[in-house]
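First up is the structure itself, then whatever we jot down about it.
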Amino acid sequence: MAVANWLTVELTVPAGAADAVEAALLGLGALSISFADPGAEPILEPAPGATPLWPQVQVSALLPAGTAAQDIRERLQPLLPGPLAIGFSTLVERDWVREFREQLVPQRFGARLWICPTGAACPDPAGVAVTLEPGLAFGSGSHPSTALCLQWLATLPLAGLAVLDYGCGSGVLAIAALALGARSATALDIDPQALQATRENAARNGVVSRLRLALPEQLTCAGDHDVVVANILAGTLIALAPALHGHCRAGAHVALSGILTSQTSQVRTGCRPWLDLRPSGELAGWALLAGTPATGRQPVDASTG
């Protein structure tokens, strides 16, 4: 397959000229155009409905390699109040997917759990291997919060237990639990595409028959899970604490991640009425909290689960 080259164009323009410059670059055949902050003036909280720009805007564009630099200069200079300062470079097209796949290697969690990209053999013949199609870091076990959850699951005696993966994404946690011997696993997510990806990964690993897929409104808080793991974000985990409690059997194992280490106390406090949690691991600035459902609490109404 022939390798394509692209011309990269970069310049800084006044905010008032940004739209005209964008239109001119599109007229020259630009494949993509992006605006960025040329200095250190982040726009953190724009007003509702506003589309603010910095006083000066860094414009980057990707054009066909054969585009003449002089044509670009002649098209853009009349749009600017001062001399045109523009940079050009060549971008060589690369097979990013292939390069990403080549960098992936099987990863071990605990004594025997391995997450292996498709096409890679498990290094340990006696290990428990979960095979995943390489994708986003959150789906492959590479992200620290996912790695913490996998490490935690690998330490549990899962044989015969029912597991809930709340916010399943690619389903790696539910599938790993099944591979480690769980009787059943429920993978729950608000995104139907995540559930489809989970189904495909489960089929790849031969565990579909023990897996249930559900949107939140399809799963009642019936207190019928022995293990509940949720890898989401701190604020969402606090809001979900009553529902997570409702999904737990008495004495269930619970783990929460997607938490920055600086948020550990906040999440513990926010979940305390429902979940009794303690720090159980840290990795690259991320933390995992593990524990059990708080005693003395009745499961929340099924309609809120």
Side-chain angles (χ1 to χ4, degrees), residues 109 113 115 128 130-132 138-141 145-146 148-233 236-237 239-258 271 274-275 277 288-293 297-305:
F109 301 92
L113 175 63
I115 305 298
V128 174
V130 172
T131 300
L132 293 179
F138 272 103
S140 65
S145 66
T146 311
L148 286 166
C149 292
L150 288 166
Q151 188 78 22
W152 178 77
L153 283 171
T155 66
L156 296 181
L158 292 173
L161 302 186
V163 176
L164 172 61
D165 178 2
Y166 203 111
C168 62
S170 69
V172 59
L173 301 180
I175 294 167
L178 291 171
L180 288 166
R183 180 183 79 253
S184 65
T186 299
L188 182 147
D189 206 286
I190 62 173
D191 184 356
Q193 291 186 339
L195 299 182
Q196 178 61 30
T198 297
R199 182 187 298 278
E200 293 171 359
N201 281 326
R204 187 174 288 112
N205 288 276
V207 297
V208 171
S209 63
R210 292 184 287 142
L211 178 70
R212 178 185 179 188
L213 303 171
L215 297 167
E217 61 269 21
Q218 296 172 326
L219 191 66
T220 60
C221 292
D224 52 2
H225 292 93
D226 305 292
V227 177
V228 173
V229 57
N231 181 26
I232 311 178
L233 290 171
T236 304
L237 290 169
L240 286 173
L244 295 174
H245 176 275
H247 288 299
C248 294
R249 285 198 174 104
H253 303 278
V254 182
L256 308 184
S257 195
C271 293
W274 305 97
L275 302 171
L277 303 170
L288 181 135
L289 296 175
T292 59
R297 281 283 183 180
Q298 295 298 316
V300 295
D301 184 84
S303 63
T304 66

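Scope of the values below: all heavy atoms of this structure, side chains included, with no hydrogens, waters or symmetry mates. Heads up: numbering here begins at 1 and tracks the sequence.
- In this structure, Ile115 CD1 and Thr131 OG1 are separated by 8.5 Å, a value rounded to the nearest 0.5 Å.
- Atom CG of Leu161 sits about 8.0 Å away from atom CG of Leu156, to the nearest 0.5 Å.
- The two residues Val208 and Arg199 come nearest to each other via the heavy atoms CG2-O, 4.1 Å.
- Nearest heavy-atom pair, Gly160 versus Arg183, reported as atom, atom and distance to 0.1 Å: O-NH1, 2.5 Å.
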Could you walk me through whether Leu215 and Leu195 pass the side chain to side chain contact (heavy atoms under 4.5 Å, CB included) check? CA-CA 8 Å; Leu215 297 167; Leu195 299 182; 3.8 Å; yes
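- To the nearest 0.5 Å, the span separating CD1 on Ile190 from OG1 on Thr236 amounts to 8.5 Å.
- Here the closest heavy-atom approach between residue Leu211 and residue Ala187 is recorded as CD1-CB, 4.0 Å.
- Between Arg212 and Leu219, some side-chain heavy-atom pair lies under the 4.5 Å cut-off.
- In summary, of the residues considered (Asp165, Leu173, Leu256), a side-chain contact (heavy atoms from CB on, under 4.5 Å) with Asn231 occurs for Leu173 alone.
- The shortest heavy-atom contact between Leu237 and Ala230 is CD2-CB, 3.7 Å.
- Under a cut-off of 6.0 angstrom, the local environment of CZ in Arg210 is crowded, with over 12 non-hydrogen atoms contributed by other residues, nucleotides or ligands.
- The backbone N or O of Cys168 sits less than 3.5 Å from a side-chain atom of Asp189, completing a donor-acceptor pair.
- The CG atom of Leu244 lies 7.0 Å from the CD1 atom of Ile232; values are rounded to the nearest 0.5 Å.
- Each of Leu178, Leu113, Leu180 was evaluated against Val130; a single residue qualifies, Leu113, per the side-chain contact (heavy atoms from CB on, under 4.5 Å) test.
- Side-chain N or O atoms of Asn205 include none that pairs as donor or acceptor with a backbone N or O of Val207 at under 3.5 Å.
- Residues Cys248 and His225 are not in side-chain contact: their nearest non-hydrogen atoms beyond the backbone lie 4.5 Å or more apart.
- Across all non-hydrogen atoms, the minimal contact from Ala154 to Phe109 is CB-O, 3.5 Å.
- Interatomic distance, CG of Leu288 versus CG of Leu277, reported as 9.0 Å (0.5 Å rounding).
- Of all the heavy atoms in Arg204 and Asn201, the pair that sits closest is NH1-OD1, 2.6 Å.
- With rounding to the nearest 0.5 Å, the separation of CG in Leu289 from CG in Leu275 is 10.0 Å.
- Taking the six-membered ring where tryptophan is involved, the planes of Trp152 and His253 are perpendicular, since the angle between them exceeds 60° and thus also 30°.
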